[in-house]
Amino acid sequence: MKSLSALLVIFFVAPAWAQNSLQVEFRWNISHHCSNTSPALKLKNIPPGTTSLKVQLVDLDNHKQDHGGALLTKADGFSAEHVIEPGGLDKYKGPCPENFTTLGHEYQFNVSALNAENKVLSSGSAKATFSAKFVILQGVIGNQ
């Protein structure tokens, strides 16, 4: 019975916790191919007290490739929702997979919300495949 109770606690508590984590959304365009102009990133559930956002792009198929990101700071803090405009990541190196016309690579934006003492308050991520086929299909589906 104890194991069933523990399972129920995990089942009902975990989703509530997950909803409070930092949400990250983005969309690839063909123009992002080998470009150093980052896509727009939509962030939600940024916790109060966040004065910095650490953003990193990771190639999940080639961890040796450094795609950079940015450390964005606002002394007066970030609101619960924030959009990082296209090109807003100053140390960003865009995706340029050698197999772009076929399978491409899967990329993930990792974002951490930090307070004034650089303590991580929350983090989140979003990933998507970057290939010509995926970007075109994404556009077709998105326009319906």
Side-chain angles (χ1 to χ4, degrees), residues 5-144:
S5 297
L7 183 60
L8 289 174
V9 168
I10 291 170
F11 180 75
F12 288 109
V13 174
W17 172 81
Q19 292 174 355
N20 292 327
S21 65
L22 185 65
Q23 293 178 9
V24 181
E25 296 176 16
F26 74 98
R27 184 179 179 129
W28 291 125
N29 294 319
I30 291 290
S31 64
H32 293 126
H33 185 242
C34 300
S35 170
N36 290 337
T37 301
S38 57
L41 297 174
K42 296 178 184 177
L43 309 176
K44 295 180 182 178
N45 294 333
I46 298 172
T50 298
T51 57
S52 298
L53 295 168
K54 182 179 178 182
V55 182
Q56 187 75 32
L57 178 63
V58 177
D59 182 339
L60 298 175
D61 294 310
N62 182 1
H63 292 284
K64 294 179 182 179
Q65 182 68 39
D66 180 15
H67 287 281
L71 181 64
L72 308 170
T73 58
K74 288 177 85 174
D76 58 344
F78 289 86
S79 62
E81 294 187 14
H82 181 75
V83 174
I84 301 172
E85 297 296 332
L89 305 179
D90 62 348
K91 295 186 177 16
Y92 171 86
K93 297 174 192 156
C96 198
E98 69 284 350
N99 60 348
F100 178 68
T101 59
T102 56
L103 298 176
H105 283 193
E106 189 168 39
Y107 293 87
Q108 179 171 298
F109 277 101
N110 297 322
V111 181
S112 295
L114 310 169
N115 67 10
E117 292 80 37
N118 287 325
K119 178 185 174 205
V120 176
L121 301 176
S122 185
S123 60
S125 63
K127 63 183 174 180
T129 300
F130 187 66
S131 71
K133 291 178 183 180
F134 177 80
V135 173
I136 291 167
L137 180 60
Q138 174 183 265
V140 170
I141 292 170
N143 291 330
Q144 291 182 356

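Just the heavy atoms: all of them, side chains too, but no hydrogens, waters or symmetry mates, feed the values below.
Scanning all heavy atoms of the two residues, the minimum distance from P39 to F26 falls at CG-CD1, 4.3 Å. Minimum heavy-atom separation, G88 to S38: N-OG, 3.4 Å. What you find for A113 and T50 is that their closest heavy atoms are CB-OG1, 3.5 Å.
Legend: ring-ring contact (aromatic ring centres under 6.0 Å, His included) pairs involving residues 40-77, not counting sequence neighbours, sorted by first then second residue: H67-Y107. Sequence neighbours left out, not one pair with a member in residues 37-62 passes ring-ring contact (aromatic ring centres under 6.0 Å, His included).
For N29 (side chain) and S31 (main-chain N/O), no donor-acceptor pair under 3.5 Å exists by modelled atom type. At distances below 3.5 Å, not a single donor-acceptor pair connects side-chain atoms of N45 with backbone N or O atoms of Q23. In this structure a side-chain-to-backbone donor-acceptor pair under 3.5 Å is missing from T129 to E106. Between the S112 side chain and the V120 main chain, no donor and acceptor come within less than 3.5 Å of each other.
Considering CG of L43 and CD of E25, their distance stands at 9.0 Å, rounded to 0.5 Å. Atoms OG and CG, from S125 and L57 in turn, are 11.5 Å apart once rounded to the nearest 0.5 Å. The SG atom of C96 sits 10.0 Å away from atom NE2 of H105, with the distance rounded to the nearest 0.5 Å. Expressed to the nearest 0.5 Å, how far OG of S35 lies from CD1 of I30 amounts to 12.5 Å. With rounding to the nearest 0.5 Å, the separation of CG in L121 from CD1 in I46 is 11.0 Å.
Using a 4.5 Å heavy-atom cutoff, the side chains of L71 and Q56 are not in contact. For the pair S131/W28, no side-chain contact is recorded, criterion being any heavy-atom separation below 4.5 Å from C-beta on. You'll find the side chain of L89 reaches within 4.5 Å of the side chain of F109, heavy atoms only. Here the side chains of L41 and V83 are not in contact, with every heavy-atom distance at 4.5 Å or above. Side-chain contact between T73 and S52 is present, with heavy atoms from C-beta onward closer than 4.5 Å.
Shown here are the ring pair (Phe, Tyr, Trp, His ring centres under 6.0 Å) partners of F78, two or more places apart in sequence or in another chain: H82.
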Steps toward side-chain contact (heavy atoms from CB on, under 4.5 Å) verdict (F130, H33): CA-CA 8 Å; F130 187 66; H33 185 242; 3.9 Å; yes
Test log, rule side-chain contact (heavy atoms from CB on, under 4.5 Å), inputs T51 and L114: CA-CA 6 Å; T51 57; L114 310 169; 5.7 Å; no
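Annotation for K127: atom NZ does not count as buried by contact number, only 12 or fewer foreign heavy atoms lying within 6.0 Å.
With respect to Q108, the side chain to side chain contact (heavy atoms under 4.5 Å, CB included) criterion is satisfied by exactly one of V24, L60, D59: L60.
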